[in-house]
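Notes follow once the structure below has been shown.
All heavy atoms count here, side chains included; hydrogens, waters and symmetry mates do not. Letters go in sequence order (proteins before strands), and every chain restarts at 1.
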Amino acid sequence: MEFIKQLNDVQQAAVKATEGPVLIIAGAGSGKTKVLTFRVAYLLENGVKPENILAVTFTNKAAQEMKSRIASLTKELTQPFIGTFHGFAVSVLKKNSYPYPRFSIYDASDQSKLIKEALSELRISGSEYKPSLFKEIISRAKNELLEPSEYALSAKTSFEKKAAAQVYDLYQKKLSANQALDFDDLLMRIVELFRRNHPALEKHQDRFKYILVDEYQDTNTAQYELIRLLSQKHKNICVVGDIDQAIYGWRGADFRNILKFETDYPETKVFKLEQNYRSTKNILSAAQTIIEKNVLRKPKMLWTDKPGGEKLKIFVFEKASQEAAFVIDEVKRLLGLGFNLADCAVLYRTNAQSRAFEEACLGSGMPYKVVGAFRFYERKEIKDVLSYLKVIIQPKDILAWKRIINVPPRNLPKLSEVFWEKAQKEGVSGELTSVLKGPKKEAFLNFLRLVESLKDKSFSLKLSDLVKEIADKTGYLERLSGKSWEEQERIENINELISIAKQFDDHKSEAAEKFLDSVALIQDADTLSDDKNSLNLMTMHAVKGLEFKAVFVCGLEEGIFPHSRADSKEELEEERRLCYVALTRAKEKIYLSCVRQRNLFGSYNESIPSRFLLEMPAELVEVQGEVWDEDGISIQLD
DNA sequence: CTCTACAGTGTTTTT
DNA sequence: CACTGTAGAG
Ligand SMILES: Nc1ncnc2c1ncn2[C@@H]1O[C@H](COP(=O)(O)OP(=O)(O)OP(=O)(O)O)[C@@H](O)[C@H]1O
């Protein structure tokens, strides 16, 4: 138990307070995650069984890191359940065969398809009301644990809301017809399971006697309720968070959950960590200056005994390409000073901004990785191949059937609604030929035979071989055998998929299902490179929880950051918290940059510097170039 | 039936 | 500009 000496007094006390509810609130870089990790190790060393511990992290990546730290701290060989809310939900739901023994997990594009179907069936014009709008409304309702009927009760005020209630209802029916759950359902159903089935709840309460939750300020109602239910009996619940770092309000997270904690559990022990171990004094003061302008917060103490350090550097450029070129040059200079590429991070508000940096990297031979960009599993060829796997293990998934029935083309385009309705009701089988005409009958039977033969093989082949078989026997690879650079890349992607599938080869009959589930739960942050030799480019959201020696915060212009769509007071406060998060990632160096002309949509827009830039106290920053206002007049910071 | 070309449309952040 | 969806040619 020597390891605990690495912690300061308050941190140690927080680790040792293993029984009863514990709330750890603290600013950035004060060791919250570290305390949580040590707490798990401490529990294990004190004889708590691994299976009695549940630790919830914000990303899979953070879970991995926590697992490996714990492994190095304890002798215990089996790991507790450490994962995200969604990962936990999938594992519990599958074990309980709830709501179905097997279910597909639908991603954003699957959701859009179902919503579009619902819209056209309800004769709601998709051009007047955008599918994405309904997707957001439905997601919000689910995060609030509102079933369609409950949502309908509260949605009588406007035409839009009434329409949304109808769409939600139909969408949900479609999901269940496909025996599928969307992301939000994962949380909603696990709460439903525990509310309906007391023995199941009690079993899990007794199993997970010790519960720990990181980044608690960013939990939504469903997650909050899940934790409340699970911890009700033993009340050994430890949550850590920082309301100044709440940046997912737009997704239904509510930082009031952490403020409520003490009233929810009156016997709560509160620990406040006030020493920051990450950043220099200058960085910390700059971050404080920004966050102190928020009204919706509780002031917190945060200090460091690190040196003042360098001033933050502000750079002003004409165009984004120059901003990017500068950043890459500066990174190269840092390499000369002994920095690793992995010590640097380039942060921006919107994904679209990554482009300029990618081009600059490519142009100067700088290895880089865009965190969360073009997600591998969202590529067409990957989704196609995976859909074959889906219909094999979950034949009720009509959306998957629709995706592949004519991919590659086999004379079965745009089948009638009657066909799909019948398929939905009675399942996909030879019976369906009764609603097909002429040559399509034969084409369809051939297709069915193909899927059947793949299904037969799924029992004997290893998963990776099955995936390979799919790519071959369906003619998918053959079709791609072309010469274009693009097709070449697709072939490589499929091969990549085959090699990823290898990791599941030893799961035997469950391999395909496990594989599909894990694919569905992959997050942007998981693509963060471990590679010491590439520069990480990412959004300020994706950087949550990480730290780097040098951080470049780019695109500090009004309209970009804070974003133009954030206009309410609350949203602006969230932008400000995002800025606080970005700044507090840095250990030593911060570069802030903005450009005068931002190209949005292909045309140039004049921009003015972000308020966050202008608020920087003059004594903490060094300005290179002129900071101007909307009339082009240069202004002084104060 | 399939593919391509173009028009129209829309850009926050993501589990 | 980049993505989607549709109309017409092949
Ligand atoms: N007692 C300590 N002594 C030395 N270093 C510490 C101590 N506690 C934490 N640290 C270091 O401080 C840094 C920040 O820790 P950690 O990531 O756990 O903080 P956090 O509060 O979770 O941060 P954030 O909320 O900003 O993500 C890490 O590098 C960690 O190793």
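- Among B:dT12, B:dT14, B:dC1, the nucleotide with an atom closest to any side-chain atom of A:Lys440 is B:dC1.
- In this structure, A:Trp250 forms an aromatic stack with the base of B:dT13, since both conditions hold: centre separation below 5.5 Å and plane angle below 30°.
- Between A:Phe447 and A:Phe444, the angle of the ring planes lies from 30° to 60°, which puts this pair in the tilted group.
- Ion pairing of A:Arg577 with A:Glu574 is present here, as a side-chain N (NZ or NE/NH1/NH2) and a carboxylate O approach within less than 4.0 Å.
- Proximity note for A:Pro409 (side chain, C-beta onward) versus B:dT12, B:dC3, B:dT14: the nearest is B:dC3.
- The side chain of A:Thr539 has B:dT13 as its nearest neighbour among B:dC3, B:dT12, B:dT13.
- You can call A:His563 stacked on the base of B:dT12; the centres are under 5.5 Å apart and the planes sit within 30°.
- Remark: A:Lys174 fails to qualify as a cation-pi partner of A:Tyr106 under the 6.0 Å distance and 45° angle criteria applied to the six-membered ring.
- Rounded to a whole angstrom, the distance from the C1' atom of C:dG5 to that of B:dT12 is 24 Å.
- Comparing B:dT14, B:dT12, B:dT2 by their closest approach to the side chain of A:Asn406 singles out B:dT2.
- Looking at heavy-atom distances under 4.0 Å, A:Lys116 makes contact with sugar-phosphate atoms alone, never a base.
- Using a 4.0 Å heavy-atom criterion, one finds that A:Lys142 contacts no nucleic acid atom at all.
- Remark: A:Tyr151 engages no residue in a ring pair (Phe, Tyr, Trp, His ring centres under 6.0 Å) (not counting sequence neighbours).
- Between A:Arg355 and C:dA2 there is a side-chain N or O to OP1 or OP2 distance below 4.0 Å.
- Contacts of A:Arg577 with the nucleic acid, taken as non-hydrogen atoms under 4.0 Å apart, are absent.
- With rounding to whole Å, A:Lys135 atom NZ is found 13 Å from B:dT14 atom P.
- Listed pair A:Asn60 / B:dT15 fails the phosphate criterion, with no side-chain N or O lying under 4.0 Å from OP1 or OP2.
- Listed pair A:Asn143 / B:dT15 fails the phosphate criterion, with no side-chain N or O lying under 4.0 Å from OP1 or OP2.
- Summarising the geometry of A:Ile105 relative to A:Lys390, their closest heavy-atom pair is O-NZ, 4.3 Å, with the distance given to 0.1 Å.
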